[in-house]
Asker: 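Sending over a structure as structure tokens; questions will come in a sec.
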There are 2 protein chains.
Amino acid sequence: MTCDKDIEKIYSLRAEIFKALSHPIRLKIVEYVSKEEKSVGEIVKYVEAEASGVSRHLALLKKAGILSDRKEGLNIYYRLEISCVMDFFTCVNKVVRTKLKSNIDLIEKI
Amino acid sequence: MTCDKDIEKIYSLRAEIFKALSHPIRLKIVEYVSKEEKSVGEIVKYVEAEASGVSRHLALLKKAGILSDRKEGLNIYYRLEISCVMDFFTCVNKVVRTKLKSNIDLIEKI
DNA sequence: ATATTATATTCTTATATAACCATATGGTAA
DNA sequence: TTACCATATGGTTATATAAGAATATAATAT
């Protein structure tokens, strides 16, 4: 009972997760909050970006289901909701290394 | 000897990998070529999209370092270059399921 | 040489995303 | 109440990405 539309929808939902992770600041945020929850203020300081922008990045990561938040007084604390996301990073580093290495190989051929 | 600029650059390179995976058609392609290499024609048929678009998606995935290609006669075969990418999918499905489930929980509260 | 097939590229247009600045909300303290 | 602090949202503009159609390349076959 799985129709074409369902499959399309599922691929789109998956793609959204990757899109949420496709920004350097958001990756930095995810890594930062992965060990323990952090307030927006802490995150803003850590990533050295504009507060309003960080706020939007956080909202996006939350909407994607990657982070969750918790209000306490004036502060809002964000934390990693799905910890397996951290496993991506090892693999991504492998891709990055392979790519950088292939560039070096090219340089040597000039 | 790792300066701020290097760190920024590394996060950007990582983000590029995720960006490459942030499109439903590209995800479908990656999955399709993960077991064995496929020609562009086969891929076009499988994903049911326009050839010129698929070609662009393939170029992007190759540029990101996720796929590699091989020419044989008239055909070009693409295959998954970094197999650990497939491990992402289990985790991504987990995120998607959690998200869908939280929507169901919301529906029941209306 | 010409024709054919597979794939890639160019161009245009629509849409999405990001950054920046200003303003708004929502708790807390005085 | 007013003032203050942390965070979020709105508006604008610049830039990036996507889709579609047309054209170009490159390998093979005739």
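All figures in this text were calculated on a predicted structure; none of them were measured in a lab. The chains referred to below are lettered A, B, ... by the order of the sequence lines, with proteins before strands, and numbering in each begins at 1.
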Asker: So what does A:Lys19 touch, heavy atoms closer than 4.0 Å: a base, only the sugar-phosphate, or nothing?
Answerer: sugar-phosphate

Asker: Within the distance-only criterion (no hydrogens, no angle test), does the side chain of A:Arg26 pair as donor or acceptor with the backbone N or O of A:Lys19 below 3.5 angstrom?
Answerer: yes

Asker: Expressed as a whole number of angstroms, how long is the span from A:Arg70:CZ to C:dG26:P?
Answerer: 20 Å

Asker: From the list C:dA6, C:dA18, C:dA8, which nucleotide is the closest neighbour of the side chain of B:Ser55?
Answerer: C:dA8

Asker: In whole angstroms, how far is the C1' atom of C:dA18 from the CD atom of A:Glu50?
Answerer: 11 Å

Asker: Between A:Leu61 (CG) and C:dA18 (C1'), how many Å, whole number?
Answerer: 14 Å

Asker: Taking N and O atoms by type only, does the side chain of B:Arg56 place a donor or acceptor under 3.5 Å from a partner on the base of C:dT10?
Answerer: yes

Asker: Closer than 4.0 Å, any side-chain N/O of A:Asn75 to the OP1 or OP2 of D:dT7?
Answerer: yes

Asker: Within this structure, what is the CG-to-C1' distance between B:Leu58 and C:dA6, rounded to whole angstrom?
Answerer: 13 Å

Asker: Please classify the nucleic acid contact of B:Gly41 as base, sugar-phosphate, or nothing, using heavy-atom distances under 4.0 Å.
Answerer: sugar-phosphate

Asker: Round to a whole Å and report the spacing from CD1 of B:Ile29 to P of C:dT7.
Answerer: 13 Å

Asker: Base, backbone or nothing for each nucleotide of nucleotides 23-30 of chain D, written B, S, -, heavy atoms under 4.0 angstrom, 5' to 3'?
Answerer: ---BBS--

Asker: Do A:Lys38's NZ or CZ and the ring of A:Tyr32 fall within the cation-pi criteria of under 6.0 Å and 45°?
Answerer: yes

Asker: C:dT7 phosphate, OP1 or OP2: any side-chain N/O from B:His57 under 4.0 angstrom?
Answerer: no

Asker: Salt-bridge test for A:Arg14 and A:Glu16: reply yes if a basic N is under 4.0 Å from a carboxylate O, no otherwise.
Answerer: no

Asker: Does the side chain of A:Tyr78 get closer than 4.0 angstrom to OP1 or OP2 of D:dA6 through an N or O atom?
Answerer: no

Asker: Using the rule given for salt bridge (charged side-chain N to carboxylate O under 4.0 Å, His left out), can you reason through A:Arg79 versus A:Glu36, listing the C-alpha separation, both sets of side-chain angles and the distance that settles it, and then say yes or no?
Answerer: CA-CA 6 Å; A:Arg79 67 180 187 83; A:Glu36 51 174 350; over 6 Å; no

Asker: Nearest of D:dT7, C:dA18, D:dG20 to any side-chain atom of A:Leu60?
Answerer: C:dA18

Asker: Without decimals, in angstroms, what is the distance between B:Phe18 CZ and D:dT17 P?
Answerer: 17 Å

Asker: Expressed in angstrom and rounded to an integer, what is the separation of A:Ile25 atom CD1 from C:dT17 atom P?
Answerer: 16 Å

Asker: Quick one: is the NZ or CZ of A:Lys28 closer than 6.0 Å to the six-membered ring centre of A:Tyr46, and within 45° of its axis?
Answerer: yes

Asker: Return yes if the base of C:dC20 and the side-chain atoms of A:Ser52 contain a donor-acceptor N/O pair under 3.5 Å, otherwise no.
Answerer: no

Asker: Hydrophobic clusters here meaning ILVMFWY residues chained together by side-chain heavy-atom distances under 4.5 Å, can you tell me if B:Met86 and B:Phe88 are in one?
Answerer: yes

Asker: Other residues, nucleotides and ligands only: do more than 12 of their heavy atoms fall within 6.0 Å of NZ on B:Lys94?
Answerer: no

Asker: Using a 4.0 Å heavy-atom cut-off, does B:Tyr77 contact any base of the nucleic acid, only the sugar-phosphate backbone, or nothing at all?
Answerer: nothing

Asker: Rounded to the nearest Å, what distance is computed from the OH atom of residue A:Tyr11 to the P atom of nucleotide D:dA18?
Answerer: 18 Å

